[in-house]
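In what follows, a structure is listed as structure tokens, so that the remarks can point back to it.
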Amino acid sequence: MNEGRLTQTPAQVKDTYGVRVFNDKVQQARLPKDAYKALRDTITNGTPLDLSTADAVANALKDWAVENGASHYTHWFQPLTGITAEKHDAFYAPTADGRSIAEFRGKELVRGEPDASSFPSGGMRSTFEARGYTAWDPTSPPWLLVSNNSVTLVIPTAFVSWTGVALDKKTPLLRSMEALSAQAVRVLKLFGSKATRVTATFGPEQEYFLIDSNFYFNRPDLLNAGRTLFGATPPKGQELEDQYFGSIPERVLAFMADVEAELYKCGVPIKTRHNEVAPSQYEVAPIFESANVATDHQMMTMETMKRVAPKYGLACLIHEKPFAGVNGSGKHLNWSIGDDLGNNLLGPGDTPHDNLQFLFFCTAVIRAVDVWQGLLRYSIAHAGNDHRLGANEAPPAILSVFLGDMLTDIFEQVEKAGQAKSTKTGGTLDIGVGALPKLPRDAGDRNRTSPFAFTGNKFEFRAVGSTQNVGLPGTCLNVAVCESLDTLGSALESRLKKGEPLEDAVKAILKTTIKKHKRIIFNGNGYSADWQREAAKRGLLNLKNTVDALPQIVTTDVVRAFEQYKVLTEAELHARYEISLETYNKTINIEAQLMVLMANRYILPAALEYQTQLGQSVAAARAGGVLSKGGKKHLANLVKLIDAFKAQTDKLDAAAAHGGGAADKHAKYMRDTVVPAMVKLRALGDQLELVVPHAQWPLPTYREMLFVK
């Protein structure tokens, strides 16, 4: 462990970027021309590959991997656990003369067969029905996983059951991208575009905490739940606002540089690193990519951070709320769509009021968020995010769209007059110092309280949780916008068939749509109580917790849309609902059991030991003829607090032992009974932390974990 000290001059990124990726450059150099052309056609246009091409790709992949030290390959997939999974197989097979030879055929590349019995299925198959298939995803390039003493070829794949049911998060994402592309191209053709394909793009920002690993290993709650279940607020938190964008500590910067070096080699386009708001909180963000590749890269990023942190004596915490009382972590999902001609369809251009195509697509997104509020709220609902949504650092649970002053003004013009005649400009900003340049100023400010904000040429879905696989919210967003483009596209086609000029038809649709769905637009403070009341008046959903939000995935309208666009069937949607409920119940149960364990085996023994010492001190004073009024009062208060803590521990223990029953009813019980019992126990435990001597307190404190760098 180098503890953050520079041990060698780092290689230049231009020399190492993508060296572990079977990318286009490597494919072109190693594949026969026909095979290369066929593979690029598959990646670009979705054309199926024949087995002979797959054999050629497999052979080239094997040779490239083995030359780079690989002995094994794995079909890397994303089951409904929310993390990734892999099974490693060796390239090498024995020969008759006692040697070995590296083999890898097209059928092994195209299809793998992991045991599917222990992955979540939501009742789509029985436990004894074990067969599952991984299917090669040619659109996401293979890469090399390099560890201390091994190199493994990683092949991104989809994961389905023997019957073809989607058991992962990649399959529906790919389906949703196809559906969105079809509807977007259909609309573009009405505007005269020659585009043949549209791609959804993601740019997911990742927030996380780093703490010293010695503290981490002495916190059972961080080890098993990912968040602290006890922990008193330290004297200093984030109130001085001196962490955000502050100087990066040396050990942390060394970790960041190492992570980036690893990711660059694997072709992950990391762009930004900085301190976040809370002490010991940081952020990493990439450049935009195709949604599918970006999702794979995001999972790689989380795994790489977890793997690299121990080298520097650190633990990487990705939970949404590892520490109460300070900012939690999100994963802002920047989302846009672009065509195969290189155009960003959400780029407003220099005169947005004249850009009817941009206004049409932007209106479709606004309508999508309004119509599909429940679906989008479901997509970010899980136990970890319940601690974050609506708190000081995260948007509220109410979905709304922030457009900013410029776009809001344009859409208000459209609603009133059927067209916009001007665009607000920001002008320039004169700082008042001669040596400093005049800065171009945007036409509107940003709004970090908005869950869904327009940020120049994209929308930022800010409510996504830090632990999440972005494939789920991305899929739901793609379906929502797909349906919206379908609806508005059909309306436009109808008007054009009647002979209405394109410009008049678009303006009429924009006016009607904005008037109907403007309730979702909100540029104000999402944290305010006034917004809660205003949102209720507007009829917006306010699904405050996971249990309230989960049923939205199985509403009649959602099922109809997912089936219409062939993304997921009703059975697959219901399975995801059941899995989400089961995950919520198990998460709360684990946390409750952990709290009882920590209370009985850590906190109570320390508190009782201090009670004994304090009692002996008071008794010694009395025996010496001195009346210790302060000591006696302190002892009485301590005894009372310990008794209350023990009683609440027993209540939580009893509550957590509640039988199961139907998953939805059990989830409501966990939310309404177990979670409040946990909150009460934590409050008492945190009070004890403040009175038990530090030397006797058995757990690392917030003061230590957050500020020891």
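Note that the structure is predicted; figures quoted are calculated from it, not measured.
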Checking Val187 against Gln183 for the side-chain contact (heavy atoms from CB on, under 4.5 Å) test, could you report, in this order, the C-alpha distance in whole Å, the side-chain angles of both residues, the deciding distance, and whether it holds?
CA-CA 6 Å; Val187 169; Gln183 295 304 324; 5.8 Å; no

Under the side-chain contact (heavy atoms from CB on, under 4.5 Å) rule, what do Gln206 and Glu283 come out as? Steps first, then yes or no, please.
CA-CA 5 Å; Gln206 176 72 58; Glu283 181 177 300; 5.8 Å; no

As a quick check of understanding, evaluate side chain to side chain donor-acceptor pair (under 3.5 Å) for Gln413 and Asp409, giving each step before the final call.
CA-CA 6 Å; Gln413 292 181 59; Asp409 176 67; 2.9 Å; yes

Show, in sequence, the C-alpha distance, side-chain angles and deciding distance for Thr295 and Asn292, and conclude whether the side chain to side chain donor-acceptor pair (under 3.5 Å) test is met.
CA-CA 5 Å; Thr295 299; Asn292 178 43; 5.9 Å; no

Take Val160 and Leu167, measure what side-chain contact (heavy atoms from CB on, under 4.5 Å) needs, and give me the verdict at the end.
CA-CA 5 Å; Val160 296; Leu167 296 174; 5.7 Å; no

Run the numbers on Trp136 and Val57 for side-chain contact (heavy atoms from CB on, under 4.5 Å), then give the verdict.
CA-CA 12 Å; Trp136 172 40; Val57 175; 3.9 Å; yes

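Contact check on Arg462 versus Glu460 returns a salt bridge, with a Lys/Arg side-chain nitrogen under 4.0 Å from an Asp/Glu carboxylate oxygen. Between Arg197 and Asp339 there is no salt bridge, since none of the side-chain N atoms of the basic residue sits less than 4.0 Å from a carboxylate O of the acidic one. Ion pairing between a basic and an acidic side chain is recognised when a charged N comes within 4.0 Å of a carboxylate O; Lys507 and Asp504 show no such pairing. Ionic pairing of Asp24 and Arg40 is present here: one or more N-O contacts between side-chain nitrogen and carboxylate oxygen are shorter than 4.0 angstrom. Salt-bridge check for Arg576 with Glu572: failed, with every basic side-chain N at 4.0 Å or more from each acidic carboxylate O. A salt bridge links Arg367 with Glu483: at least one charged nitrogen is closer than 4.0 Å to a carboxylate oxygen. A salt bridge is absent between Asp34 and Lys37; no separation between the charged side-chain nitrogens and carboxylate oxygens falls under 4.0 Å. Between Arg377 and Asp548 there is no salt bridge, since none of the side-chain N atoms of the basic residue sits less than 4.0 Å from a carboxylate O of the acidic one. Using a cutoff of 4.0 Å between basic side-chain nitrogens and carboxylate oxygens, Glu493 and Lys497 are not scored as salt-bridged. A salt bridge does not link Arg388 with Glu320: every distance from a Lys NZ or Arg NE/NH1/NH2 to an Asp or Glu carboxylate oxygen is 4.0 Å or more.
Note: Ile43 CD1 to Thr139 OG1 = 7.5 Å, rounded to the nearest 0.5 Å. Between atom CD1 of residue Ile270 and atom NE2 of residue His297 there is a gap of 9.5 Å, rounded to the nearest 0.5 Å. Here the straight-line distance linking atom CD of Glu578 with atom CG of Leu573 works out to 12.0 Å at 0.5 Å rounding. Separation of atoms CG (Leu345) and NZ (Lys458) is listed at 15.0 Å; rounding is to 0.5 Å. Rounded to the nearest 0.5 angstrom, Ser140 OG and Asp296 CG are separated by 3.5 Å. With rounding to the nearest 0.5 Å, the separation of NZ in Lys169 from OG1 in Thr475 is 9.5 Å.
Between the side chain of Asn334 and the main chain of Gly203, a donor-acceptor pair closer than 3.5 Å is present. The backbone N or O of Thr134 lies less than 3.5 Å from no partner atom in the side chain of Thr157, so there is not a single donor-acceptor pair. With hydrogens and angles ignored, the 3.5 Å screen pairs no side-chain donor or acceptor of Thr351 with any backbone N or O of His353. Listed for the Ser290 side chain is no donor-acceptor partner under 3.5 Å among the backbone atoms of Thr201.
The side-chain heavy atoms of Asp486 and Arg186, taken from C-beta on, include a pair separated by under 4.5 Å. Counting heavy atoms from C-beta on, the side chains of Leu173 and Leu472 never come closer than 4.5 Å. In this structure, the side chains of Phe411 and Leu359 come closer than 4.5 Å at one or more pairs of heavy atoms. Contact check for Trp76 versus Ile155: no side-chain heavy atoms found under the 4.5 Å cut-off. Proximity of Asn523 to Thr408: side-chain heavy atoms (C-beta onward) are separated by under 4.5 Å at one or more points. Looking only at side-chain heavy atoms (C-beta outward), Leu403 and Val401 come within less than 4.5 Å of each other.
In this structure Lys331 satisfies the salt bridge (charged side-chain N to carboxylate O under 4.0 Å, His left out) test with no other residue, sequence neighbours excluded.
Checked against the 6.0 Å centroid criterion, the rings of Tyr378 and Tyr577 do not qualify as a close aromatic pair. Ring centroid separation for the pair Phe202 and Phe288 does not come in under the 6.0 Å cut-off.
Of the N and O atoms on the side chains of Asn478 and Trp335, at least one donor lies less than 3.5 Å from an acceptor on the other residue.
Residues Ala667 and Tyr584 share a closest heavy-atom pair of O-CE2, 3.7 Å. Between Pro141 and Val21, the shortest heavy-atom contact is CB-CG1, 3.7 Å.
Between Thr196 and the choices Asn45, Thr44, Asp340, the side chain to side chain donor-acceptor pair (under 3.5 Å) rule is met once, by Asp340.
Ring-plane geometry between Phe459 and Phe454 is classed as perpendicular, the angle between the planes exceeding 60 degrees on a 0 to 90 degree scale with a lower cut at 30.
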